[in-house]
Asker: 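Input: one structure, supplied below.
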Amino acid sequence: MKTLALSSLLACLLAGTAMADTLRVGTSADFPPWESVNEAGDVIGFDRDVIDEVCKRIEAECNVANQAFDGLLPALQVGKFDMVISGMSITEERAEQVDFSNAYAEPPYRFAVAAGSDLTKIEKREDLEAALEGKVIGVQTGSTHEAVVRAHLPKSEPRLYERNEQIADDLNAGRIDAGLLEQSVWEQLMEAREGQLSLAGPLLSSADYAEFGNGTAIAMRKGSDDLKKRVDEAVASMLADGKIAELSNKWFGYDLSYKAE
Amino acid sequence: MSPDIFIKATPIVLQGLQLTLIITICSFVLGQILALPLGLARQANSPLLRWPAAIYTFLIRGSPLLVQLFIIYYGLGQIPAVRNSILWPILREPLYCGIIAIALNSAAYMAEVVAGALRRVPKGQTEACISLGISRRHRFTDVLLPQVYREQLPNIGNEIILVLKSSSLASAITIMEITGVARAFTARTFAPFEVFITAGILYLAIGFAFTFLFRLLERRYGITGTRTPAPEASA
Amino acid sequence: MSAILTYLPHLLQGLLVTLQVAAGSFVIGLLIAIVAVFGWNFGPRPLRWFISGYVTVVRGLPELLIIFLVFYGGTVLLSGAFGTYVEVNALTAGICALSVVAGAYLTEILRGALLTVPQGQWEAATSLGLSRMTAFRDVVLPQMLAYAVPGLGNQWLVILKESALVSIIGLEELMRKGVVAAGATHSPMTFYLTVGALYVAITGVSTLIIGAADRRAARGR
Amino acid sequence: MIKVRNLVKYYGPTRVLDGIGLNVEKGERIVLCGPSGSGKSTLVRCINGLEQRSAGDIEIAGHVLRADCSNVLELGGDVGMVFQQFNLFPHMNVLDNLTLAMRRVRKTPRAEAEAQAMAMLERMQLGAKAKAYPRELSGGQQQRVAIARALCMKPKVMLFDEPTSALDPEMVQEVLDVMTALSREGLTMIVVTHEMGFARNVADRIVFMDGGVILEEAAPDAFFDHPQHNRTREFLRQIGPRTH
């Protein structure tokens with residue numbers, strides 16, 4: 001009886017065990033059009049197409065798995081994934097923990113507020129910062145946006161959400177005063193919530209707030225140099241031959257491929 | 001696991017302590033207050049009281065607290081009529097929503113405890129009161145209720161621990177109590193173990209403090225020898 | 001209404017995962033509890049301390065924290081312990097965490113039930129030459145479980161409801177399917193109420209089954 | 001068959017057995033009697049290793065029993081025990097109660113064990129009850145099943161610890177009849193009982209205990225007709241009417 005119980009326990013622990021034979025890619029598919037889950041349960045989106053193309057070019061088999069954003073990098077570090085692609089910006093804090101490929105995209109960011117808010121009239125970044133003093137700003141847990149709010153809007157209160165649509169719904173409910181997300185994400189959210197939200201202030205980039213990072217990249221475990229070299233080459237060729245631009249136009253309607261300085 | 005991060009994690013986790021205590025104590029007290037009328041209604045003769053109370057406890061005890069929390073926070077917040085009502089200043093705040101949801105949940109479990117205890121008070125007590133000419137109201141406040149609550153002290157002490165554990169769910173509606181800050185810290189530092197273990201130790205410490213407090217109360221006010229089985233745990 | 005119909009198949013899929021998680025955790029938790037009760041009664045003193053410690057600590061920690069610890073920390077720990085990469089996915093982490101929790105509560109329940117089995121049963125088994133292990137397995141355990149039916153049933157309901165917490169680490173069970181549908185359709189109230197109703201339905205049916213099982217077990221007492 | 005030397009047993013500070021010596025030969029039938037609290041049950045339970053002893057040696061059916069009873073399972077069914085409270089396994093039917101030890105201890109295949117058990121039940125006129133559960137039987141039937149259960153292990157010694165005192169009066173005789181029949185088959189038996197009629201008819205020797213010591217040992221006729229000890233006479237006077 002005892003051994004039976006122990007072996008069941010062990011079986012439970014090892015149920016998820018899998019050795020690496022193909023590349024495992026982690027993503028948090030709640031971020032359309034970057035990545036989301038369609039009705040059939042498949043992960044689709046810009047990142048999905050990018051990673052498929054990367055895998056094709058490095059001649060690897062890739063399995064994409066979906067999990068919560070804030071657990072992606074810890075999972076990568078312990079070897080659950082070989083790569084993480086999830087609209088993830090390169091930041092110093094993250095770069096200490098993992099290696100990033102060359103950036104493949106750089107999306108614009110934006111504040112948004114409830115429709116009809118006075119903040120929609122503000123055009124300059126500095127004015128918006130001043131107007132947001134003492135206000136509550138919704139961001140996603142563990143995102144670069146959280147870091148931006150903490151660093152540049154110290155008098156505002158960041159409120160951490162698990163999901164983007166929860167930020168949108170709470171904006172609409174009037175529970176928070178503003179939200180900070182990617183422009184493309186707002187567009188997606190506003191489409192489903194006609195007339196409830198308005199964008200505020202200018203488009204933002206890492207030039208405005210360094211915490212946004214240096215573009216969006218694929219994360220890999222430290223020390224996977226060979227893989228990184230192959231992925232870097234693939235990304236460079238995709239940027240050069242316009243594949244990224246093509247996919248970007250397909251999913252966003254505009255080109256956010258990373259422009260090297 | 002590095003001791004450094006333990007040291008770093010401690011002040012972070014302590015940031016959530018205040019909110020955890022506020023949620024726990026407020027939800028517990030509110031839950032106890034709501035449980036009394038609910039428990040009485042469960043035991044009432046009139047079906048008009050008995051049925052609504054029974055349905056309420058059935059629904060609350062039959063579904064997860066997380067669902068109830070989301071219904072109250074995300075669900076109600078999307079209804080314009082709610083946003084225009086006088087309740088909005090309260091329901092607008094995640095903290096109040098958390099306290100209300102946990103309190104409503106706790107009340108359903110405690111109501112069963114109260115109802116059960118009332119059921120076990122011997123009929124002879126009522127008869128004795130009537131023969132002594134004690135009024136209905138005093139029979140209630142001086143004889144029935146003190147018995148119920150003094151007998152149920154161990155269960156009430158147990159309930160506050162359950163409420164403490166439930167308070168961790170408040171992190172799901174943006175409240176940065178202990179579990180919330182621990183999780184946000186993990187997302188930033190990628191060091192899961194130290195933070196969650198530190199948080200766990202803090203929860204155990206709070207739990208022991210409450211347990212100790214209730215032991216004291218039990219020693220002072222408890223009725224021994226009438227212990228009843230613990231009620232269903234709330235989750 | 002049509003939104004519910006569109007997503008109902010997803011919700012029912014999630015319900016299936018919920019039942020898997022709950023059933024898996026319950027069975028493994030019960031095995032843990034049986035071993036723990038046996039060890040607590042017959043094991044050496046340090047083992048008894050360990051089991052008491054396990055029960056006390058686990059009962060004092062929020063389930064959500066244990067789930068986070070197993071999910072985020074489990075892979076780190078196991079990978080270190082086995083010297084090779086061991087994956088803990090949301091399903092595994094959820095079942096393991098809830099098994100550990102259920103194991104602690106079930107140990108308490110079985111400990112109580114064990115006391116209701118008369119000493120004479122052990123003596124009769126011994127006088128017939130049955131070893132302690134055989135006596136426990138064939139004679140005492142079945143009676144203990146029959147006494148424990150209400151407690152076990154209660155714990156099953158608790159696990160069913162606790163399994164909703166695994167949605168927070170991304171397991172696509174009933175609650176998570178509800179959250180996704182609520183986000184996609186922009187109608188949280190509809191979907192959380194639907195999800196709540198589905199939970200009430202399964203706990204309600206479970207309660208009826210437990211009642212019947214207890215009446216059946218009571219005939220053996 | 002049984003050798004007990006200088007058996008001492010304490011419950012906390014209370015000395016319940018105070019230097020008991022007892023020899024039982026193969027095929028001998030002993031009745032143990034004495035007032036309640038005299039230590040007879042404790043003696044029987046020490047003999048088959050259900051109780052640890054404080055001092056003394058016990059040898060039974062060829063096994064030397066350690067003081068801490070750690071080798072009690074070596075007896076392996078060689079010493080059958082019948083309890084006051086029957087102690088049937090309530091979750092098993094009669095047949096399973098009988099076959100459990102045969103299958104688990106003796107490793108008898110199920111079919112063979114069941115055949116033996118059925119034969120035993122027929123002998124006890126309980127064949128029709130094989131599939132019944134203990135709670136569906138009368139007290140007398142339950143105790144007969146318990147006796148059958150012990151006999152299935154083909155014990156070399158049978159110990160009976162007040163087998164009839166939990167029974168309603170009208171059921172006592174059916175159990176005593178079974179025990180009387182057993183005694184005729186030459187089985188070694190120790191019976192703790194207050195049934196003095198049974199003692200007179202069946203016993204080879206009667207052992208009278210009081211206060212944790214053996215006060216008197218004698219053949220039935222000598223014991224009942226010429227008790228040596230005052231305490232014995234007092235005891236017989238109290239329960240006397242039931243001997244006739």
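Scope of the values below: all heavy atoms of this structure, side chains included, with no hydrogens, waters or symmetry mates. The chains referred to below are lettered A, B, ... by the order of the sequence lines, with proteins before strands, and numbering in each begins at 1. This one's a predicted model, so the numbers in the text were calculated from it and none came from an experiment.
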Asker: Which answer fits A/N66, side chain, backbone, both or neither, if we ask what part of it has an atom under 4.5 Å from a heavy atom of chain C?
Answerer: side chain
Asker: Relative to chain A, which segment of C/E172 carries a heavy atom at a distance below 4.5 Å: side chain, backbone, both, or neither?
Answerer: side chain
Asker: In terms of heavy-atom contacts, does CZ of C/F50 have more than 12 from other residues, nucleotides or ligands at under 6.0 Å?
Answerer: no
Asker: Please classify the contact of A/Q166 with chain C as side chain, backbone, both or neither, using a heavy-atom distance under 4.5 Å.
Answerer: side chain
Asker: Inspect the surroundings of NZ in A/K222 and state if more than 12 heavy atoms from other residues, nucleotides or ligands are less than 6.0 Å away.
Answerer: yes
Asker: Measure C/I168 against the heavy atoms of chain A and call it side chain, backbone, both or neither at under 4.5 Å.
Answerer: both
Asker: Anything under 3.5 Å between a donor and an acceptor, one on a side chain of residues 188-195 of chain A, the other on a protein residue two or more places apart or in another chain? List them.
Answerer:
{"residue": "A/R193", "atom": "NE", "partner": "A/D169", "partner atom": "OD1", "Å": "2.7"}
{"residue": "A/R193", "atom": "NE", "partner": "C/H186", "partner atom": "ND1", "Å": "3.4"}
{"residue": "A/R193", "atom": "NH1", "partner": "A/L189", "partner atom": "O", "Å": "3.4"}
{"residue": "A/R193", "atom": "NH2", "partner": "A/D169", "partner atom": "OD1", "Å": "3.3"}

Asker: Top residue by heavy-atom pair count (under 4.5 Å) with chain A, among C/A184, C/G183, C/A90?
Answerer: C/G183
Asker: Does any heavy atom of chain A fall under 4.5 Å from the side chain of C/V179, the backbone, both, or neither of them?
Answerer: both
